[in-house]
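Reviewing the structure listed below.
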Amino acid sequence: MDNEIAQDLSPLIKLYKNGRIERLVGTATVSASLDPETGVNSNDVVISPETTLSARLYIPKSAGSIQTKLPLLVYFHGGGFCVETAFSPVYHNHLNSLSSQVNIAIISVNYRLAPEHPLPAAYDDSWAVFKWALAHSNAKGPNEWLNSLVDFGRVFLAGDSAGGNIAHHVALRAGFEGINLRGIVLIHPYFWGKEPIGDEGKDGGSTGDEAYPGMLWKFVNPSSKNGSDDPLINPSKDPNVGKLGCGRVMVCVAEKDGLKDRGWFYKEVLKKSGWDGCVEVVETKGEGHVFHLFNPNSANAVEFMAQISSFINQ
């Protein structure tokens, strides 16, 4: 009975009928430290003891040795809203490299995970960390790194997969509150919808709510009434999608990623929404979902990092 499965969402997570949750990936963690390879220093901060909300800060080696302050990137990790953390080795290594290469301060958000904390918990946590970061703009916040080293006139958001979805929604909420971001980077964003677009379903596979992205969405957001057409997962169903609080958007897609067409579609949705910013889509040929995390030294991953660096430093 203990091994009877209620829901199998491999390769991410399994839920058993007795309530046991088995995360199949993303359970390893590494400590914050001074990275010997990049010289980037990281440190963990608790944002809300009540909800155990925390984040990891990254500061590049150049901090303090240059006259100008650093731009800030608030980063949201992927994992389908249900696996991985800000302390996972793949994200720690990736953000060490990104901080060093772009010369940017980074806050990596450790939001609560479903199914123990179904959506909107991840959105609420991510917004709370974003606002906590902005509370340092007068140099009187609780974290001295942010007070002294960050230029709050140059704030960016980024995330991969579910984190790309989160970055979009934090930027949207920022727009409603009159907060101006420099830009957002959505890496292989987790968007979906009931009606197939592009190549979705052309190989005879499932689409909409019956496809893996649709089933995963119902698992992490069981109270959603519209399934894959919930505006949280399908921006084309959101009448306010054009109110993003930034003027520049970079969407990264990968040729062999099942979410690729949703990234291209997001560009069309924004262009038709009345949003007057600039959106670019960068497609990596021959690669799959979040390839850069698992093959960071490959030629395509190196080029991908350079493209993100160019967008932020533009």
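A distance-only check finds a donor-acceptor pair linking the side chain of S148 to the backbone of E144 [under 3.5 Å]. Under the 3.5 Å distance criterion, the side-chain polar atoms of D238 are left unmatched by any main-chain donor or acceptor of P231. A donor-acceptor pair under 3.5 Å is absent between the side-chain atoms of S48 and the main chain of L53, judged by distance alone. Not a single donor-acceptor pair under 3.5 Å links the side chain of S100 to the backbone N or O of N96. The backbone N or O of L146 sits less than 3.5 Å from a side-chain atom of N143, completing a donor-acceptor pair. A distance-only check finds no donor-acceptor pair linking the side chain of D209 to the backbone of G227 [under 3.5 Å]. Listed for the N165 side chain is a donor-acceptor partner under 3.5 Å among the backbone atoms of L232. Formation of a donor-acceptor pair under 3.5 Å by the N110 side chain with backbone atoms of T85 is not found in this model. A donor-acceptor pair under 3.5 Å is absent between the side-chain atoms of D160 and the main chain of G163, judged by distance alone.
The existence of a salt bridge linking K285 and E283 is confirmed by a sub-4.0 Å separation between a basic side-chain nitrogen and an acidic carboxylate oxygen. The pair E84-R23 does not count as a salt bridge, with every side-chain nitrogen at least 4.0 angstrom from each carboxylate oxygen.
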Ignoring hydrogens and angles, write down the donor-acceptor pairs under 3.5 Å from the side chains of residues 178-188, residues two or more places apart or on other chains.
unit_1	atom_1	unit_2	atom_2	d
R182	NE	G153	O	3.3
H188	ND1	V290	N	2.8

Could you list the donor-acceptor pairs under 3.5 angstrom formed by side chains in residues 246-259, with sequence neighbours left out?
unit_1	atom_1	unit_2	atom_2	d
R248	NH1	F311	O	3.3
R248	NH2	F311	O	2.6
R248	NH2	Q314	OE1	3.3
E255	OE1	G286	N	2.5
D257	OD1	L259	N	3.1
D257	OD1	H289	ND1	3.3
D257	OD2	H289	ND1	2.8

Under the salt bridge (Lys or Arg N to Asp or Glu O under 4.0 Å) rule, what do E177 and K131 come out as? Steps first, then yes or no, please.
CA-CA 11 Å; E177 297 210 0; K131 288 300 292 284; 3.5 Å; yes

With salt bridge (Lys or Arg N to Asp or Glu O under 4.0 Å) as the test, would you mind laying out the steps for R20 and E116 before giving the verdict?
CA-CA 11 Å; R20 181 166 67 91; E116 298 95 328; over 6 Å; no

Begin with the C-alpha distance, continue with both residues' side-chain angles, and end with the deciding distance and a verdict on side chain to side chain donor-acceptor pair (under 3.5 Å) for E22 and Y16.
CA-CA 8 Å; E22 182 184 8; Y16 292 82; 2.6 Å; yes

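Note: W132 and H136 have perpendicular aromatic rings, judged against thresholds of 30 and 60 degrees for the angle between ring planes. Ring geometry, Y58 versus H92: the interplanar angle falls from 30° to 60°, so the pair is classed tilted.
Sorted by first and then second residue, the side chain to side chain donor-acceptor pair (under 3.5 Å) pairs involving residues 269-280 (not counting sequence neighbours) form an empty list. Listed by first then second residue, pairs satisfying salt bridge (Lys or Arg N to Asp or Glu O under 4.0 Å) with a partner in residues 42-53 read D44-R56, not counting sequence neighbours.
At a cut-off of 3.5 Å, with distance as the only test, a side-chain donor of N103 or S62 sits close to an acceptor on the other residue. Side chains of D124 and Y111: a donor-acceptor N/O pair is absent below 3.5 angstrom, by distance only.
Qualifying side-chain contact (heavy atoms from CB on, under 4.5 Å) partners for S10, counting only residues two or more places apart in sequence or in other chains: D8, K14, L24. S206 meets the side-chain contact (heavy atoms from CB on, under 4.5 Å) test with E210, A211; sequence neighbours excluded.
Of the inter-residue distances, the one linking L216 atom CG with C82 atom SG reads 5.0 Å to the nearest 0.5 angstrom. Taken to the nearest 0.5 Å, the CG atom of N234 stands 10.5 Å off from the CH2 atom of W192.
Within the 6.0 Å centre-distance limit, the rings of H168 and F191 are counted as a close aromatic pair.
No option in Y123, F76, F219 other than Y123 meets the ring-ring contact (aromatic ring centres under 6.0 Å, His included) test with F81.
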